[in-house]
Amino acid sequence: MPRNITLCLLGLLAIPCIANADMITFSPTPSDLWDLEHGRVYEWGINYSLPSGEEITAAQLSFEGIRNWNNSANDLYVYLISMVQPGTHRYDDYFNSADSFDGHLGIPYRKLEHYENLPSYAQDLTYSFTGDDLVALNTYMSNGNFGLGFDPDCHFYNDGIELTITTAVPEPASLALLALCSLVVIRRRKPRKLYATATVK
């Protein structure tokens, strides 16, 4: 491979593909969502709009020190919801021992996680959004308002819940270097030689 093309490729690897990356952390009020009591469902609405040109490239939902109140069987359903009024809300759970969100929202939503039989000792849990989760999150956030839903089918003490998102825009330097490399490749391309056959009489 010609040396200048090799240097261009090495340059592309050395420069990150994104720039202006931001990490933003959201916390509800109260931060423990009332310790996720059994018999209630919880919605946490976040009113936030991405700056122009940015998109969410990663997201994590974390529970600090979460624990079931005893050693009985338990479930915790977690949802990403397209439209939730800003702030934190709790409602009576009319499906006390079942998933209260699935099939009952009437708006776009996506199930993120179903935790089962969490222990009675404290632990930190982190859910990392999948690629499909991120597509949904970017779509929901494009309206400037999205939220998370929690249905605890038991009582979960915790020390705080946080949503952390990472946003980024394309790196102009990488795009410029890519364009430069393409010019180098074009310049290095040898012209075709055309051979004509002469007839001697």
Output for pair (Glu55 CD, Met141 CE), nearest 0.5 Å, gives 12.0 Å
When every non-hydrogen atom of Val78 is compared with those of Phe150, the smallest separation belongs to CG1-CE2, 4.0 Å
Determine the minimum heavy-atom distance between Asp159 and Gly65, stating which atoms define it.
OD2-CA, 3.8 Å
Is it true that Val135 and Tyr140 fall in one hydrophobic cluster, defined by side-chain heavy atoms closer than 4.5 Å?
no
Please tell me if the side chains of Leu50 and Asn138 come closer than 4.5 Å, counting only heavy atoms from C-beta onward.
yes
Ignoring hydrogens and angles, state whether a donor on the side chain of Asp132 or Thr130 is under 3.5 Å from an acceptor on the partner side chain.
no
State whether the side chain of Tyr127 and the backbone N or O of Leu112 hold a donor-acceptor pair below 3.5 Å, judged by distance alone.
yes
When you compare the side chain of Leu125 with that of Gln123, does any pair of heavy atoms fall below 4.5 Å?
yes
Ignoring hydrogens and angles, state whether a donor on the side chain of Thr164 or Thr25 is under 3.5 Å from an acceptor on the partner side chain.
yes
Test item: Asp35 side-chain N/O and Glu37 main-chain N/O as donor-acceptor pair under 3.5 Å:
no
State, to 0.1 Å, how close Cys154 and Trp69 come at their nearest heavy-atom pair, and which atoms those are.
SG-NE1, 3.5 Å
What pairs with Asn96 under side chain to side chain contact (heavy atoms under 4.5 Å, CB included), at least two apart in sequence or on another chain?
His38, Asp93
Tell me, do Tyr115 and Phe63 make a side-chain contact under 4.5 Å, heavy atoms counted?
yes
Is it true that atom CD of Glu113 has more than 12 heavy atoms of other residues, nucleotides or ligands lying nearer than 6.0 Å?
yes
Within this structure, what is the CZ-CD distance for the pair Phe26 and Glu162, rounded to the nearest 0.5 Å?
11.5 Å
Could you go through the ring-ring contact (aromatic ring centres under 6.0 Å, His included) check for His89 and Tyr42 one step at a time?
CA-CA 6 Å; His89 317 274; Tyr42 303 83; over 10 Å; no
Looking only at heavy atoms, which two atoms of Ser82 and Ile107 are closest? And how far apart?
OG-CB, 3.8 Å
Just by modelled atom types, is the Ser100 backbone N or O under 3.5 Å from a matching donor or acceptor in the Asp151 side chain?
yes
Give a yes or no on whether Leu61 and Ile56 share a hydrophobic cluster (residues Ile, Leu, Val, Met, Phe, Trp, Tyr; joining criterion: side-chain heavy atoms under 4.5 Å apart).
yes
Short question: side chain of Ser120, backbone of Asn70 - any donor-acceptor pair under 3.5 Å?
no
Does Asp133 have any salt bridge (Lys or Arg N to Asp or Glu O under 4.0 Å) partners at least two apart in sequence or in another chain, and if so, which?
Arg110
Is there side-chain contact between Tyr77 and His114, with at least one heavy-atom pair below 4.5 Å?
yes
Say you draw a straight line from CD1 of Ile24 to CD1 of Ile165; how long is it, rounded to the nearest 0.5 Å?
4.5 Å
One pair to check against side chain to side chain contact (heavy atoms under 4.5 Å, CB included): Phe146 and Ile81. What are the steps and the verdict?
CA-CA 6 Å; Phe146 70 103; Ile81 307 174; over 6 Å; no
Would you confirm whether Ser31, through its side chain, and Pro28, through its main-chain N or O, come within 3.5 Å as a donor-acceptor pair?
no
Can you find a pair of side-chain heavy atoms, one from Asp153 and one from Leu76, that are under 4.5 Å apart?
no
Nearest 0.5 Å please: distance from the NE2 atom of His155 over to the OG atom of Ser72.
11.5 Å
Cut-off 3.5 Å, side chains only: do Asp102 and Tyr109 have a donor facing an acceptor?
yes
Do Gln60 and Thr126 have a side chain donor and acceptor closer than 3.5 Å?
no
Flag this pair as yes if the NZ/CZ of Arg40 is under 6.0 angstrom from the six-membered ring centre of Trp34 and inside a 45 degree cone about the axis; otherwise no.
no
Is there a donor in the side chain of Tyr157 and an acceptor in the side chain of Asn68, or the other way round, less than 3.5 Å apart?
no
Is it true that Glu43 and Arg90 have a side-chain N and a carboxylate O under 4.0 angstrom from each other?
no
For Leu148 and Leu163, run side chain to side chain contact (heavy atoms under 4.5 Å, CB included): C-alpha distance rounded to whole Å, both residues' side-chain angles, the deciding distance at 0.1 Å, then the answer.
CA-CA 9 Å; Leu148 295 165; Leu163 173 67; 4.2 Å; yes
Backbone N or O of Leu118 within a donor-acceptor pair of the Asn74 side chain at under 3.5 Å?
yes
Asn145 side chain to Val84 main-chain N or O, any donor-acceptor pair under 3.5 Å?
yes
In the single-linkage hydrophobic clustering (I, L, V, M, F, W, Y; side-chain heavy atoms under 4.5 Å), do Leu80 and Tyr48 co-cluster?
yes
Smallest heavy-atom separation, Ala73 atom then Asn117 atom, equals CA-OD1, 3.2 Å
Tell me whether Tyr91 at atom OH has more than 12 heavy atoms from other residues, nucleotides or ligands lying less than 6.0 Å away.
yes
Taking all non-hydrogen atoms of both residues into account, name the closest pair between Trp44 and Ile46 and its distance.
NE1-CG1, 3.6 Å
